[in-house]
**Q** 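Structure below; questions to follow.
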Amino acid sequence: MLPIHLFRQNKELIVDGLKKKNFKELELVDTIISVDEKRRHLQSESDNLAASINSASKNIGQLMAKGNKEEAEALKAEVSNHRDKTKLLAAQLADIETELHDLLVRIPNMPHSSVPFGKTPEENEVVRQGGSTPDLSAQKLPHWDLTAKYKLIDFELGTKITGSGFPVYIDQGARLQRALISFFLNYNIDGGYKEYYPPYMVNEASAYGTGQLPDKEGQMYHATADNFYLIPTAEVPLTNIFRDEIISEQELPVKMTAYTPCFRREAGSYGKDVRGLNRLHQFDKVEIVQIVHPDKSYETLEEMAAHVEHLLQLLGLQYRVLRLCGGDMSFTSALTYDFEVYSAAQERWLEVSSVSNFEVYQTNRMKIRFKDGGNKAQLAHSLNGSSLALPRIMACLLENNQAPEGIHIPEVLRPYFGKAIIN
RNA sequence: GGAGAGAUGGCAGAGCGGUCGAAUGCGGCGGUCUUGAAAACCGUUGACUCACAAGGUCCGGGGGUUCGAAUCCCUCUCUCUCCGCCA
């Protein structure tokens, strides 16, 4: 949610940003500004009334103390009258505040100046690439064949136990999964991130804080009996740790990492997108989140991107880094880098990480602030990224490292996996 | 799940229905003293709205009584203690 003062002070900037983001309902901006004006008018009217009630009530107290009953009674009648008006105004004010809020949450974040114009994924800008395509002339099986061949993952068994999109990792498959999680977490800890193990279900306020609610409600699993939501990403519990907190400036930057499963309903997905490990209802991910000083957030974004990129280099995967265009960015992001790895047997790029700067969009809604030098509370910036999403990494590792004698495990994972080859 | 107690500023902890945005202690910040630090002493120190003015709002959330509520009533949520169940 953008701070309202931006609309009052810089309407043109907002409209330009919305256009870049390919947002259609531009008329909302004017609506917001006029509703805000109405709101402020009502507010001052109500404040003035409250001021007169307050002072009259004080007078009544003094009159009573002096035993001046008649005057006191007269004042009481007057205040009583004012009070009815206040109630009316308060109701109107509450309505208009809700209206304003509901309008504000419909406005996406403003894109950063470096965000390219564009509407579709094809218009994203490739900023860097690394690694090389492996030679698979000897054998070129997609990962769903490899997981069957080496009995690493049983998709049908998951369907039996739960439903499609809930694979069962078995034996060396389970072990590789655990190796990846440990490797990623340790790598992040070495990078200065503090490890957390958060709840996998969150309450409504948390889902709301990071923006899953109200617009992405259908994407989450909902435990209705207790009104909890299964987290679609660790970003939700992690960022909410600091909801409604005022952090001292010395504590910045806050760097957090967590491994969690992620649960997504993925309604409407189909075809090759959901084959094998490409898209699941439950998958594992290690996440990094930072809360930083506003002056530092773009520096931090580059740092986080470099952090993720190095991880892909360590795994020896072919990758590319995309700067998302306005139309393909998420609602809440100001600038996003997507990381894709090349799946050599499927011959397609798979997204494995998305690193974003949200500026104040999340922190404004969650009231995550810090005390600056002048001892004044101001909104911090929040960022997050995956490091990394596991299923597609596993898919690429299996496919790209396959050989007639088995699947070779990258050097960095061997201490965690315990051996050099799956066979 | 049953019974009871509680929810106040960064923390701890007061608060007869009016003079309470709230005592006091700790912590934080500034200063005196000191070569420096500690101790001691002095001062200062919540948030929101808003033009850092005035005014207004906030004592877990919501509602009510009253001219006036942190203080009384209702309700919800959460926490703690005891019992039950349990990895």
Side-chain angles (χ1 to χ4, degrees), chain A residues 1-10 32-33 35-101 103-104 197-209 213 223-229 237 240-252 254 261 291 294 360 362-380:
Chain A
M1 182 164 72
L2 292 169
I4 182 68
H5 69 258
L6 290 181
F7 290 80
R8 299 204 281 256
Q9 291 163 359
N10 226 330
I32 285 172
I33 290 170
V35 170
D36 177 53
E37 266 168 26
K38 265 201 296 194
R39 199 210 95 234
R40 287 193 292 162
H41 180 75
L42 272 176
Q43 182 74 58
S44 78
E45 207 179 325
S46 153
D47 284 356
N48 290 337
L49 213 49
S52 76
I53 291 176
N54 286 345
S55 73
S57 293
K58 254 174 212 172
N59 284 340
I60 291 170
Q62 283 162 2
L63 290 172
M64 298 285 265
K66 283 188 223 152
N68 202 337
K69 284 245 172 174
E70 281 159 46
E71 266 186 71
E73 288 303 325
L75 263 181
K76 276 190 194 182
E78 186 186 320
V79 172
S80 201
N81 185 21
H82 277 176
R83 206 200 184 204
D84 293 342
K85 273 196 226 161
T86 316
K87 274 189 176 166
L88 212 74
L89 280 176
Q92 287 175 21
L93 202 54
D95 283 349
I96 206 161
E97 275 169 1
T98 309
E99 185 185 347
L100 183 60
H101 184 267
L103 285 166
L104 275 176
Y197 183 93
Y200 296 165
M201 289 200 246
V202 295
N203 58 29
E204 210 173 344
S206 296
Y208 193 79
L213 291 180
T224 51
D226 297 289
N227 200 22
F228 293 152
Y229 291 89
N240 272 286
I241 289 173
F242 286 93
R243 171 157 49 92
D244 294 322
E245 296 290 335
I246 298 177
I247 308 164
S248 80
E249 194 169 353
Q250 299 91 295
E251 286 176 77
L252 298 179
V254 171
I291 295 168
V360 297
Q362 288 184 328
T363 54
N364 181 47
R365 188 187 284 206
M366 281 198 259
K367 297 286 170 279
I368 299 180
R369 291 167 292 173
F370 71 97
K371 288 243 175 159
D372 63 17
N375 216 31
K376 206 170 153 4
Q378 64 165 300
L379 294 171

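For clarity, every value in this text was computed on a predicted model and none was experimentally measured.
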**Q** Nearest to the side chain of A/Ile246 - B/U57, B/C67, B/A47?
**A**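 Among B/U57, B/C67, B/A47, the one nearest the side chain of A/Ile246 is B/A47.
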**Q** Nearest whole angstrom, please: distance from the C1' of B/G21 to the NZ of A/Lys58.
**A**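 For the pair A/Lys58 NZ and B/G21 C1', the rounded distance is 12 Å.
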**Q** Take the protein atom CG of A/Leu42 and the nucleotide atom C1' of B/G56, then report the distance between them rounded to whole Å.
**A**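 Nearest whole value for this atom pair: 14 Å.
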**Q** Using the C1' atom on both, measure B/A51 against B/U32 and round to a whole Å.
**A**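 Going atom to atom, C1' in each nucleotide, I get 37 Å.
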**Q** Please give the nucleotide sitting opposite B/G10 as a Watson-Crick or G-U wobble pair, both distances under 3.5 Å, or none.
**A**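 By the stated definition (distances under 3.5 Å), B/C26 pairs with B/G10.
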**Q** Considering every strand shown, what is the Watson-Crick or G-U wobble mate of B/C41 when both distances are under 3.5 Å?
**A**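 B/C41 is paired, partner B/G31.
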**Q** Does the structure show a Watson-Crick or G-U wobble partner for B/A69, both distances under 3.5 Å? Name it, or say none.
**A**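 Here B/A69 is not engaged in any pair, so there is no nucleotide opposite it.
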**Q** Across all strands, who's sitting opposite B/U79 as a Watson-Crick or G-U wobble pair, both distances under 3.5 Å?
**A**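 The answer is B/A5, by the H-bond criterion.
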**Q** Quickly work out the A/Asn59 CG to B/C67 P distance and round it to whole Å.
**A**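 Rounded to whole Å, this separation is 16 Å.
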**Q** With the side chain counted from C-beta on, respond yes when A/Gln362 and A/Ile368 share a heavy-atom pair under 4.5 Å apart, and no when they do not.
**A**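 They are not in contact (no side-chain heavy atoms under 4.5 Å apart), so the answer is no.
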**Q** If you measure from the P atom in B/U71 to the same atom in B/U8, how many Å do you get, rounded?
**A**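 Those two atoms are separated by 13 Å.
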**Q** Which whole number of Å gives the distance between the C1' atom of B/G10 and that of B/U81?
**A**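 Rounded to whole Å, the distance is 27 Å.
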**Q** Would the distance check show the side chain of A/Arg8 and the main-chain N or O of A/Glu37 forming a donor-acceptor pair, the cut-off being under 3.5 Å?
**A**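 Not at all, since once roles are kept as given, no pair shorter than 3.5 Å links the two residues.
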**Q** Nearest 0.5 Å please: distance from the CD atom of A/Glu78 over to the OG atom of A/Ser52.
**A**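 Reported to 0.5 Å precision, the distance equals 7.0 Å.
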**Q** If we take the C1' atom in both B/C26 and B/C20, what is their distance in whole Å?
**A**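 Comparing C1' positions in B/C26 and B/C20 gives a spacing of 22 Å.
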**Q** Would you mind classifying the nucleic acid contact of A/Leu75 as base, sugar-phosphate or nothing, using non-hydrogen atoms under 4.0 angstrom?
**A**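 Here A/Leu75 touches no strand at all.
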**Q** Rounded to the Å, how far apart are A/Gln43 CD and B/C48 P?
**A**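 Rounding to the nearest Å, CD of A/Gln43 and P of B/C48 are 15 Å apart.
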**Q** Could you tell me if the side chain of A/Phe7 sits less than 4.5 Å from the side chain of A/Asp36, heavy atoms only?
**A**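 Contact flag for A/Asp36/A/Phe7 side chains = no.
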**Q** Starting from the 5' end of RNA chain B, give me the residue, A/Asp36 or A/Gln250, whose nearest nucleotide shows up first.
**A**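 On the 5' side of the pair lies A/Gln250.
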**Q** In whole Å, measure the gap between the C1' atoms of B/A22 and B/U79 for me.
**A**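 Going atom to atom, C1' in each nucleotide, I get 23 Å.
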**Q** It should be established whether A/Arg8 places a side-chain nitrogen or oxygen under 4.0 Å from OP1 or OP2 of nucleotide B/C50.
**A**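 The answer is yes; a side-chain N or O of A/Arg8 sits under 4.0 Å from OP1 or OP2.
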**Q** If I take atom NZ in residue A/Lys371 and atom P in nucleotide B/G30, what distance separates them, rounded to the nearest angstrom?
**A**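 Those two atoms, NZ and P, are 14 Å apart.
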**Q** Please find the pair of heavy atoms, one from A/Pro3 and one from A/Asn364, that lie closest to each other, and give the distance.
**A**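 In terms of heavy atoms, the two residues are closest at N-ND2, 3.5 Å.
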**Q** Which value, in whole Å, describes the distance between the C1' atoms of nucleotides B/C67 and B/A12?
**A**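 Those two atoms are separated by 37 Å.
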**Q** Expressed in whole Å, how much space separates the C1' atoms belonging to B/C86 and B/U75?
**A**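 Comparing C1' positions in B/C86 and B/U75 gives a spacing of 32 Å.
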**Q** Quick check on RNA chain B: between A/Ala51 and A/Ser57, whose nearest nucleotide comes earlier from the 5' end?
**A**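 First, find each residue's nearest nucleotide; the 5'-ward one identifies A/Ser57.
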**Q** In whole angstroms, how far is the P atom of B/U65 from the NZ atom of A/Lys87?
**A**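 That distance rounds to 5 Å.
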**Q** In whole Å, what is the span from the CG atom of A/Asn54 to the C1' atom of B/C20?
**A**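 Result: 13 Å.
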**Q** With side chains defined as the heavy atoms from C-beta onward, is the minimum distance between A/Lys85 and A/Glu45 less than 4.5 Å?
**A**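 SC-SC contact between A/Lys85 and A/Glu45 ruled out.
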**Q** Looking only at N and O atoms, is any donor in the side chain of A/Asp47 or the base of B/G55 less than 3.5 Å from an acceptor on the other one?
**A**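 Such a pair exists between side chain and base.
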**Q** Can you tell me if A/Arg39 touches the phosphate of B/U49, counting only side-chain N or O atoms and a distance under 4.0 Å to OP1 or OP2?
**A**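 Answer no for this pair, as no side-chain N or O of A/Arg39 is under 4.0 Å from OP1 or OP2.
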**Q** Rounding to an integer number of angstrom, what distance separates B/G21 and B/G46 when you compare their P atoms?
**A**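 Roughly 15 Å separates the two P atoms.
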**Q** Categorize A/Ala377 for me: base, sugar-phosphate, or nothing, with a 4.0 angstrom heavy-atom threshold over every strand shown.
**A**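 Sugar-phosphate, backbone atoms only, no base.
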**Q** Under a 3.5 Å limit for both distances, which nucleotide forms a Watson-Crick or G-U wobble pair with B/C48, could you say?
**A**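 Result: B/G56.
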**Q** Rounded to whole angstroms, how far apart are CD on A/Glu45 and C1' on B/U57?
**A**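 Going from CD in A/Glu45 over to C1' in B/U57 covers 17 Å.
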**Q** A/Ser57 and A/Asn54: side-chain donor and acceptor closer than 3.5 Å?
**A**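 There is no such pair between these side chains.
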**Q** B/A47, B/C67, B/U57: which one has an atom nearest the side-chain heavy atoms of A/Lys76?
**A**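 For the A/Lys76 side chain, the nearest candidate turns out to be B/C67.
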